[in-house]
Peer 1: 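I have a structure here, written as structure tokens, and I will follow up with some questions on it.
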Amino acid sequence: MPKIQFYPLDATYRVKADKPVIYIFGRAADGKTITVVDDSFKPYFWVILEQGEDPAAFMKSVNGMSEKVKDDVLTIINADKHKKDYLGDEVEAIRITVNQPKAVVHFRDVFRNKSEVKDVMEADILFVRRYLIDNRIVPATLHEVEGEQAKENFRTGYVIKAESIAQISDDSIEPKILAFDIETYNPEGKNVDSERHPIVMLSLYGKDMKKVITWKKFPTKHDYIEFVDGEADLLTAFKEAVDHYRPDVIVGYFSDGFDFPYIKTRAEKYKIRLDLGWDGSEIRTSKGASPTVSSTGMVHIDIYRFIKFILGGSLKTDRYDLTSVSSELLGDKKTGVDLDKLAEAWDNSSDLLDEYCEYNLHDSFLTYSLCEKVMPNIIELVKIVSLPLFEASRMRFSQLVENYLIRQAHAHNVLAPNKPTNDEVRSRLTRTFKGAFVFEPKPGLYEDIVVFDFRSLYPTIIASHNITPENLNRNCPPEKREHVPFEDERRRKSVWFCKSRKKFIPRMIEELITRRMRIKEIIRKKKDKMLEARAYSLKILANAFYGYLGFYASRWYSFDCADSVTAWGRHYIHQSIEGARKKGFTVIYSDTDSVFFTLEGKDKKEALSFVEGINNELPELMELEFEGFYPRGIFVGAKLTGFGAKKKYALLDEHGKMTVKGFEVVRRNWSLIAKETQEEVLRIVLEENDVDKAEEYVQDVVKKLRQNSIDLAKVKISTQLTKDISSYEAEGPHVAAAKRMESKGLPVGPGSIIEYVITGGKEKIRDRARLLDEISQDDYDPDYYVNNQVIPAVERIFEVLGKDIKETVAEKDQSKLGEFF
DNA sequence: CCATATCGGGG
DNA sequence: GTGTACGATATGG
């Protein structure tokens, strides 16, 4: 029988004659598209009987049950029993195998109401998911199917009726990606309306495809522009181009929420079928709070969602528009055209349309580049959770953990707990957790600072202390009980975990930690993009476990588990702090998993041996790591925010490298002169320990500001708009500047970077904001830059050093005035 | 103050 | 489709 190697990408099922048939779509190793048909798998779920009930009698009574519900015949085709781990106990669970997925729902409800049934389990794991898990099929990796060509009508190179399918290697596909983007007619500005306004341009970008389709003619040099006769033709041309290119992945930016729904609405107007599915089906929208759009076979990825939800935490940007994300990830950004004028240009068939087409293609290019860049991360997640790309690329952290656990539960003979009921969710939401310990730094200048932090603190606590619901206060001889070191005595007495045997969640997390350590070891010797993506995936997954245990909607939720993790965290950090103090070090700062202390004349080696001592006492997986040694550091009086004090400090290491946290230098909306002065003051103080010199430096800057000899580029302030100009309640200088730009016909909106300078005068600051091309060197206001930029940037640093820089500067000004008169 | 609604992204 | 989510912020009672 023929064998074909292929990479599964997507899967679905259909019921034929009351029998489910699985279809796996993918790319064969020879490049052709493939459909694999498998009708051998049956849906099932589990029943747990009440104590004392007879499994044999139950199985006999239910086996063969059959009911006709509407047009479906729903039948129990088998009932057998297996030893399974049910919430930590080994039980005889009864597996109910049925003829089709709908029968699961039906019999689930029937059994739930039976008095002899204690619980119904895994009756909500989707059929395709069940199939992939039970058959150990890992999407995006290399598999081999054995079977004959099937006579079914699919638009793929192969259609194989599978006799057997198996993963043959961990090698993953490099998917063929096609990005797309639309521009719409928008006479009402931001107010887009897919019912009334047409799509005027649509771009496609792939390795071998650069195309913009539009339906007004204008002169152009670009050979990638394809002119068609109207919007309907544009839609048809889009469909044909995608169909002809046959990508594995079609990608858009916010295409779940905008491009695809818009295209669908427009296509419906013309009764055009968007049958892009490899089975001939149309693209489908799923409504809800966050709608998705899917197509069978070809995988639709909305790269915005993946970047925001999965990579977001490790990016600096807090905005997820295409410009911000591209500039951070690719160092590129959208081309600047004014979209508010597109409708006008369209109406007049203006030559400007050529520029809009360039812009349209560039957005597809950025989307393509982003997708290509993060694809290793998507694929590694796919492999870990064993879900198709469509689902894996849309997951949140909680779903990532949950799907990983469900996948592993099957491999470890564990029954996945059920999802919480609405009532349960409500009650979970009322409880809050005590967080991490923070030791506030005393403002001051410190010498010989050593920093240590716990490597993966929460994951290692879960693994080391066996923290999991199945181990909480149950089935354990007293001598094996480990009480959680809560500060509250009652809680300490009442919450304990059994140490005797590693249970499911701790075992899973231990595996993640050790796998990641092995990979890191390999990467150290030889860099590898895929391995780095894998190490990153394992890290974010392990780190998400603590949050998952305390997440209200999770299957493995446990208030006591989540609360115990932070209690252990506080315990270990306190222990480290106390240990350091006993050895004669002075602890200056600590937050969650890190400790900063000063050597107090002792040798660096003594600090290292202290940590070695701590590590000898720690459980095996836990480790307090040496983070760095800093000959000098400064901690500055923190401004109280709603969440407590914000941390502000700067450290200088032995090689002269400065680490700055929480100071304005790292923020954008300060002028360069303020940032530079702050950085230089920090450098003089830390490197040379010379406060007088720092003071002189500031005085010199002030003098130059007063002479208006500081370059305009250094007094320029850049601020990013976060919303529409009209929706700002308080008009700050950046809003005033944005309005000036708008009045000059420059495109401004959310995401635009506004650059302005404050000029002299008696009006409000916002009325003195000017754009760079409106002013010359002498126009900036020295007073503003001295009092509102430079002084505030360095004030607290000098405060720590016992100086009032305001006074120093004022005196100098005063004496100068004296000389003058 | 707490509960409920809206937004995010996109043109 | 063996289904529907999340978290921050603004608004209203």
Side-chain angles (χ1 to χ4, degrees), chain A residues 12-15 20 42-46 74 96-109 120-131 180-194 196-202 252-263 284-292 294 302-309 312-313 318-325 334 337-343 346 356 359-360 363 367 391 394-399 402 406 416 418-419 425 429 547 551-554 722-723 727 729 747 749-751:
Chain A
T12 186
Y13 80 95
R14 282 186 210 157
V15 175
K42 297 282 180 283
Y44 66 87
F45 62 98
W46 299 91
L74 308 177
I96 307 288
T97 306
V98 296
N99 67 326
Q100 60 157 307
K102 269 186 195 164
V104 171
V105 180
H106 177 77
F107 290 109
R108 169 186 77 191
D109 295 339
V120 176
M121 307 296 285
E122 300 194 351
D124 55 359
I125 294 173
L126 303 185
F127 185 56
V128 170
R129 171 111 188 91
R130 181 89 272 168
Y131 173 86
F180 77 111
D181 179 51
I182 60 170
E183 306 303 327
T184 65
Y185 184 72
N186 56 333
E188 293 153 31
K190 254 193 92 69
N191 184 19
V192 290
D193 184 346
S194 58
R196 292 186 294 132
H197 302 317
I199 297 167
V200 295
M201 288 164 194
L202 186 150
Y253 201 85
F254 196 51
S255 42
D256 269 344
F258 182 73
D259 300 72
F260 257 140
Y262 207 111
I263 288 173
R284 296 173 302 282
T285 49
S286 76
K287 281 278 172 204
S290 83
T292 59
S294 57
D302 182 344
I303 204 65
Y304 151 76
R305 291 181 58 127
F306 181 74
I307 291 173
K308 182 172 176 192
F309 299 149
D318 47 2
R319 296 176 47 83
Y320 291 92
D321 54 293
L322 186 54
T323 301
S324 309
V325 169
K334 284 168 79 109
V337 296
D338 185 0
L339 277 176
D340 286 335
K341 301 228 160 49
L342 171 56
W346 187 257
Y356 284 105
Y359 164 85
N360 184 213
D363 275 8
T367 304
E391 282 89 351
R394 285 170 176 75
M395 277 184 312
R396 293 294 190 48
F397 282 114
S398 60
Q399 299 202 318
E402 188 149 289
I406 289 172
N418 290 318
K419 281 189 261 189
V425 165
L429 281 168
F551 171 54
Y552 62 85
S554 78
T722 55
K723 46 189 180 181
S727 47
E729 208 152 284

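The sequence lines fix the lettering, A, B, ..., with proteins before strands; numbering per chain opens at 1.
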Peer 1: Answer yes or no: is there a side-chain heavy-atom contact under 4.5 Å between Ile303(A) and Thr367(A)?
Peer 2: yes
Peer 1: Taking atom P of dG11(B) as reference, at what distance in whole Å does atom OH of Tyr304(A) sit?
Peer 2: 13 Å
Peer 1: Holding to salt bridge (charged side-chain N to carboxylate O under 4.0 Å, His left out), I want the full list of residues that pass it with Lys419(A), two or more places apart in sequence or in another chain.
Peer 2: none
Peer 1: Between Arg130(A) (CZ) and dT2(C) (C1'), how many Å, whole number?
Peer 2: 10 Å
Peer 1: Quickly work out the His197(A) NE2 to dG10(B) P distance and round it to whole Å.
Peer 2: 19 Å
Peer 1: Specify the separation, in whole Å, of atom CD1 of Ile199(A) and atom P of dG10(B).
Peer 2: 17 Å
Peer 1: Let's see if you can work this out: which of dC6(C), dG10(B), dT2(C) has an atom nearest to the side-chain heavy atoms of Val192(A)?
Peer 2: dG10(B)
Peer 1: Once side-chain contact (heavy atoms from CB on, under 4.5 Å) is applied, do any residues pair with Val105(A), and if so which ones, sequence neighbours excluded?
Peer 2: Arg108(A), Asp109(A)
Peer 1: Which nucleotide wins on minimum distance to the side chain of Asn186(A), given the candidates dT2(C), dG11(B), dG10(B)?
Peer 2: dG11(B)
Peer 1: Calculate the interatomic distance between Asp318(A) atom CG and dG8(B) atom P; express it in whole Å.
Peer 2: 14 Å
Peer 1: Among dG10(B), dT4(C), dT2(C), which is the nearest nucleotide to the side chain of Tyr253(A)?
Peer 2: dG10(B)
Peer 1: Heavy atoms only, 4.0 Å cut-off, all strands: where does Ser255(A) land among base, sugar-phosphate and nothing?
Peer 2: nothing
Peer 1: If you look at every strand shown and take non-hydrogen atoms under 4.0 Å, does Tyr552(A) touch a base, only sugar-phosphate, or nothing?
Peer 2: sugar-phosphate
Peer 1: Describe the nucleic acid contact of Tyr320(A) in one word from base, sugar-phosphate, nothing, applying a heavy-atom distance below 4.0 Å.
Peer 2: sugar-phosphate
Peer 1: If you check the Lys419(A) side chain, which of dT2(C), dT4(C), dG11(B) turns out closest?
Peer 2: dT4(C)
Peer 1: Whether the side chain of Asp321(A) and the base of dG10(B) hold a donor-acceptor pair under 3.5 Å is what I'd like checked.
Peer 2: no
Peer 1: Considering only side-chain heavy atoms of Arg396(A), which listed nucleotide, dG10(B), dT2(C), dC6(C), is closest?
Peer 2: dC6(C)
Peer 1: Residues two or more places apart in sequence or in another chain: which of them pass salt bridge (charged side-chain N to carboxylate O under 4.0 Å, His left out) with Lys102(A)?
Peer 2: Asp72(A)
Peer 1: Give the rounded distance in Å between these two atoms: CZ of Arg319(A) and C1' of dG10(B).
Peer 2: 12 Å
Peer 1: What contact category does Phe551(A) fall into here, base, sugar-phosphate, or nothing, at under 4.0 angstrom with non-hydrogen atoms?
Peer 2: sugar-phosphate
Peer 1: Figure out the NZ/P separation between Lys308(A) and dG8(B), and round it to whole Å.
Peer 2: 9 Å
Peer 1: Would you classify Asp256(A) as touching base, sugar-phosphate or nothing, given that sugar-phosphate means primed atoms plus P, OP1 and OP2, and contacts are heavy atoms under 4.0 Å?
Peer 2: nothing
Peer 1: Ignoring the backbone of Ser398(A), work out which of dC6(C), dT2(C), dT4(C) is nearest its side chain.
Peer 2: dC6(C)
Peer 1: Between Asn418(A) and Asp124(A), do the side chains contain a donor N or O and an acceptor N or O under 3.5 Å apart?
Peer 2: no
Peer 1: Could you pull out all residues at least two apart from Asp256(A) that satisfy salt bridge (charged side-chain N to carboxylate O under 4.0 Å, His left out)?
Peer 2: Arg305(A), Arg394(A)
Peer 1: Taking the nucleotide of DNA chain B with the closest heavy atom to each, which residue, Phe309(A) or Asp340(A), is nearer the 5' end?
Peer 2: Phe309(A)
Peer 1: Within the structure shown, what part of the strands sits under 4.0 Å from Arg394(A) by heavy-atom distance: base, sugar-phosphate, or nothing?
Peer 2: nothing
Peer 1: For Glu402(A), what residues pass the side-chain contact (heavy atoms from CB on, under 4.5 Å) criterion, not counting sequence neighbours?
Peer 2: Ile406(A), Tyr548(A), Ser554(A), Arg555(A)
Peer 1: Show me the protein contacts with nucleotides 2-5 of chain B, counting only N or O atoms at under 3.5 Å.
Peer 2:
none

Peer 1: Specify the separation, in whole Å, of atom CH2 of Trp346(A) and atom C1' of dG11(B).
Peer 2: 14 Å
Peer 1: Checking side-chain polar atoms at under 3.5 Å, does Tyr185(A) have a donor or acceptor matched by the opposite partner on Arg196(A)?
Peer 2: no
